Amino acid sequence: MSREDALPDPALPGPAPRHPSSAEPPSRRLLLKGALAAGALTGLSATTARAAGSTACPGATVPYDNPLVRNRADPHIHRHTDGSYYFTATAPEYDRIILRRSRTLRGLGSAAEAVVWRKHASGPMGAHIWAPEIHHIDGKWYIYFASAPAEDIWAIRIWVLENSHRDPFKGVWVERGQLKTAWETFSLDATTFTHRGTRYLAWAQHEPDMGNNTAIWLSEMAGPVTLTGPQVRLSTPEFDWECIGYKVNEGPSVIKRNGRLFMSYSASATDFNYCMGLLTVDADADLMDPANWSKSPAPVFASNDATRQYGPGHNSFTVAEDGRTDVLVYHARQYKEIVGDPLNDPNRHTRVQRLGWKPDGTPDFGVPVADCAKGAS
């Protein structure tokens, strides 16, 4: 397994409510038609005003500025073998895929941002460009993302871009098409990882005839753009905290430590109720047997009034510059109440903080840290 596509591991040298009702299409949520077309993302200016409340970080124990990147949700950070961090995330206009690069995590906050791909004016990949992830697999770069046809904006599926250039800011991003799953249903938030020589895809999808919005699914892969099947359901919304506003499990991300694989995921509507759960499997177990996975009965990461961070979730994992310290990457808002549909509110900001570990070897997510600024990188 090459470092390019490895999970963060100390043994290695270095990485909205968005769902229609399951019973009927969400006509109330045709949000982009008017608001975005009129340039009405007025929350962007509000962001600056709210951000002014950031305070100095309390001492040297807080290594990062937060927010790290403003108005970027569903963040994904990949640490590559070239020593650089590559960052992508959802832009609030839902119309493009962006990329940043920095030698340090803090540097991503001020790094130049490139647009590597834009939505189509019509047809497939024409709306709701969500949750991109960048991975380096077998010598090529891949971006997995969700999108819908311009004419049917809730027919969201998983799509893949490929770039064979060693530098993802150069070369050509080729559209490899839709990543096909077992059903043609609402699907998004794909992530890929390898374990003991096998590549897997985890993602969120609505299962026909199920009374939920999305569940978490897993499949082995034949290659970067093809599933081998079968696909198995690892988790479906069942606890009260997973079913507030919408019955949602989404945004899976995997970290391998201490003889286990931990898969975080996000649950409920993307307002202040958004939170994270955790699935766990022994590294020696068959990952494709759902019975081998255990599920946290309570959220492992949630809104916090004391730090004034709300709706934390859709995370990824990376590793600090020392190659050992694990880092949690996620988004959150700085206020609890949202006027209107949260999808119209652009103020989900990318945040990073150290990920701790409990004596029993399980991750200690803690609470979303308060806003702070250490100063220029």
Side-chain angles (χ1 to χ4, degrees), residues 16-20 25-27 29-44 69-76 78 86-100 112-135 140-163 165 168-181 184-191 203-206 214 224-225 250-251 270 314 331 341-348 350:
R18 303 188 301 169
H19 302 270
S27 58
R29 312 180 78 219
L30 297 179
L31 57 123
L32 300 181
K33 194 171 187 179
L36 294 185
L41 280 173
T42 54
L44 286 168
V69 184
R70 299 185 184 279
N71 306 108
R72 295 292 179 263
D74 313 325
H76 184 257
H78 166 76
Y86 291 83
F87 167 86
T88 189
T90 300
E93 297 83 1
Y94 308 142
D95 64 350
R96 64 195 186 277
I97 294 176
I98 58 90
L99 192 62
R100 298 187 184 199
E113 184 170 283
V115 176
V116 299
W117 182 89
R118 291 188 182 274
K119 71 174 185 177
H120 293 187
S122 61
M125 296 181 283
H128 282 158
I129 310 304
W130 283 345
E133 288 200 3
I134 186 167
H135 296 266
K140 296 181 180 180
W141 293 96
Y142 292 88
I143 292 178
Y144 298 84
F145 67 102
S147 71
E151 300 79 14
D152 189 4
I153 67 171
W154 292 107
I156 293 173
R157 305 291 187 268
I158 299 165
W159 298 78
V160 187
L161 304 176
E162 178 188 273
N163 190 337
H165 199 285
F169 289 84
K170 299 178 181 178
V172 177
W173 283 98
V174 178
E175 296 172 356
R176 291 296 307 272
Q178 182 183 341
L179 197 156
K180 293 286 188 176
T181 64
E184 280 294 327
T185 60
F186 189 95
S187 51
L188 69 170
D189 296 353
T191 190
W203 74 99
Q205 185 164 13
H206 174 66
T214 52
V225 298
E250 66 178 17
T270 56
H314 202 118
H331 73 234
D341 193 319
L343 270 179
N344 280 330
D345 183 298
N347 296 319
R348 294 179 294 174
T350 293

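Predicted model, so just to flag it, every value in this text is computed and none were measured.
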Where is the tightest heavy-atom contact between P168 and V116, given as atom of each residue plus distance?
O-CG1, 4.3 Å

Can you tell me if CZ on R96 sees more than 12 non-hydrogen neighbours from other groups inside 6.0 Å?
yes

If we ignore angles and hydrogens, is there a donor and acceptor under 3.5 Å between the side chains of E133 and T88?
no

Minimal non-hydrogen separation, Y142 against V225, with atom names:
CE2-CG1, 4.3 Å

Contacts of F87 meeting ring pair (Phe, Tyr, Trp, His ring centres under 6.0 Å) (sequence neighbours excluded), chain-then-number -> none

Residues at least two apart in sequence or cross-chain that pass side-chain hydrogen bond (donor to acceptor under 3.5 Å, both in side chains) with W159, listed by chain then number, are S147

Taking every heavy atom of S187 against every heavy atom of A146, the minimum-distance pair comes out as O-CB, 4.4 Å

is_close_aromatic(W173, H165), centroid dist under 6.0 Å
no

Does a side chain donor of either E184 or Q178 reach within less than 3.5 Å of an acceptor in the other side chain?
yes

Holding to side-chain hydrogen bond (donor to acceptor under 3.5 Å, both in side chains), I want the full list of residues that pass it with Y144, two or more places apart in sequence or in another chain.
none

Using atom types as modelled and distance alone, determine if a side-chain donor or acceptor of D95 lies under 3.5 Å from a backbone N or O of R118.
no

Can you find a pair of side-chain heavy atoms, one from I97 and one from I129, that are under 4.5 Å apart?
yes

Taking every non-hydrogen atom, the tightest pair across A89 and A73
CB-O, 3.1 Å

Between T181 and Q205, does the side-chain contact (heavy atoms from CB on, under 4.5 Å) criterion hold? Intermediate values first, please.
CA-CA 9 Å; T181 64; Q205 185 164 13; 2.9 Å; yes

Go through the structure and list residues passing side-chain hydrogen bond (donor to acceptor under 3.5 Å, both in side chains) with S122, not counting sequence neighbours.
none

Going by ring pair (Phe, Tyr, Trp, His ring centres under 6.0 Å), name the residues that satisfy it together with W117, two or more places apart in sequence or in a different chain.
H120, F145

Which heavy atom of P346 sits nearest to which heavy atom of N71, and what is that distance?
O-ND2, 3.2 Å

Hey, can you tell me if F169 and Y86 have their rings parallel, tilted or perpendicular (30° and 60° cut-offs)?
tilted

After noting the C-alpha distance and the side-chain angles of E175 and E162, does the key distance pass the side-chain contact (heavy atoms from CB on, under 4.5 Å) rule?
CA-CA 7 Å; E175 296 172 356; E162 178 188 273; over 6 Å; no

Gap separating the CD1 atom of I156 from the OG1 atom of T185, nearest 0.5 angstrom:
11.5 Å

Please find the pair of heavy atoms, one from L179 and one from P224, that lie closest to each other, and give the distance.
CD1-O, 4.3 Å

What distance do W130 atom CH2 and H314 atom NE2 have between them, rounded to the nearest 0.5 Å?
11.0 Å

Can you name the residues that form a salt bridge (Lys or Arg N to Asp or Glu O under 4.0 Å) with E113, not counting sequence neighbours?
R72, R100

Tested for side-chain contact (heavy atoms from CB on, under 4.5 Å) against H76, the lone hit among I134, T350, T90, I143 is I134

Taking the ring centre of each residue, are H128 and W154 less than 6.0 Å apart?
yes

